[in-house]
Amino acid sequence: MVIKFTINGDEMEVDVKPNETLLDVLRNKLFVTGPKEGCGNGECGACTVIYNGKPMNSCLILAPEADGAEIFTVEGLTKDGKLHPIQEAFIEENAFQCGFCTPGFLMSAKALLERNPNPSKEEIVEALSGNLCRCTGYDTIIKAVKKAAEKMGARS
Ligand code: FES
Ligand code: FES
């Protein structure tokens with residue numbers, strides 16, 4: 001079936017199979033490769049996208065379900081060649097090593113800061129609880145999200 005959705009504000013139309021996941025369609029048909037495939041079964045958060053305003057594991061969404069959805073991926077963060085404050089904060093706080101998990105963390109962090117511009121440490125931990133990282137300490141990731149909140153507050 002042919003489905004339509006928007007990705008980072010651009011309208012897309014794509015032919016999908018009933019059993020394909022949104023993650024597969026993004027990566028293999030649209031070459032939107034920011035969302036990563038880690039576990040493939042909803043446990044690691046590497047495939048997180050913002051789906052109709054909420055962070056969701058795209059490996060758990062069947063592509064036909066995404067008809068009409070608004071999808072945001074890490075590719076949409078950079079504007080006019082300028083990094084988003086969340087990206088800047090992750091770099092400044094050394095909040096990644098291999099980077100495989102980072103697009104998912106950035107999406108969960110963005111969704112959090114959109115609904116709660118000044119989250120507590122506990123709220124950040126809760127919002128990132130579905131994202132796993134195997135090589136960076138979570139402390140630096142939490143600090144980066146706090147710093148991103150400050151930067152975004154300062155710029156608004
Ligand atoms: S690849 Fe989707 S949660 Fe791990
Ligand atoms: S930076 Fe390597 S898994 Fe998180």
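Order of appearance sets the numbers: ligands from 1, and atoms from 1 within every ligand. Note that this is a predicted model, so its numbers are computed, not measured.
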J.: Could you please give the number of protein N/O/S atoms within less than 2.8 Å of atom 2 (Fe) of ligand 2?
T.: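 For atom 2 (Fe) of ligand 2, the figure is 2.
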J.: Hey, any chance L113 and F96 share a hydrophobic cluster, counting ILVMFWY side chains that come within less than 4.5 Å of each other, even indirectly?
T.: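 Yes, same cluster.
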J.: Look at K147 together with E92 and state whether they make a salt bridge at an N to O cut-off of under 4.0 Å.
T.: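 Between E92 and K147 there is a salt bridge, with a charged N closer than 4.0 Å to a carboxylate O.
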J.: Could you tell me whether a side-chain N or O of T78 sits under 3.5 Å from a main-chain N or O of L83, the two making a donor and an acceptor?
T.: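 Not at all, since once roles are kept as given, no pair shorter than 3.5 Å links the two residues.
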J.: When you check the gap from the basic side-chain N to the acidic O, do E114 and K54 get nearer than 4.0 Å?
T.: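 Answer for the salt bridge query: no.
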J.: Relative to atom 2 (Fe) of ligand 1, how many protein N, O or S atoms have a separation of less than 2.8 Å?
T.: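 Excluding waters, the total comes to 2.
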J.: For the residue pair S108 and N131, confirm or rule out a side-chain donor-acceptor distance under 3.5 Å.
T.: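 Distance-only check passes for S108 and N131.
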J.: I need the minimum non-hydrogen distance between N116 and E123, along with the two atoms involved.
T.: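 Closest approach of N116 to E123, heavy atoms only: ND2-OE1, 3.0 Å.
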J.: Answer yes or no: is there a side-chain heavy-atom contact under 4.5 Å between E75 and P35?
T.: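 Counting from C-beta outward, E75 and P35 do come under 4.5 Å.
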J.: Identify the two heavy atoms, one from F5 and one from I7, that lie closest to each other, and give their separation to 0.1 Å.
T.: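 So the two residues come closest at CE1-CD1, 3.4 Å.
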J.: Are any of the side-chain nitrogens in E93 or K146 under 4.0 Å away from the carboxylate oxygens of its partner?
T.: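 Here E93 does not pair with K146 in a salt bridge, since their nearest N and O are not under 4.0 Å apart.
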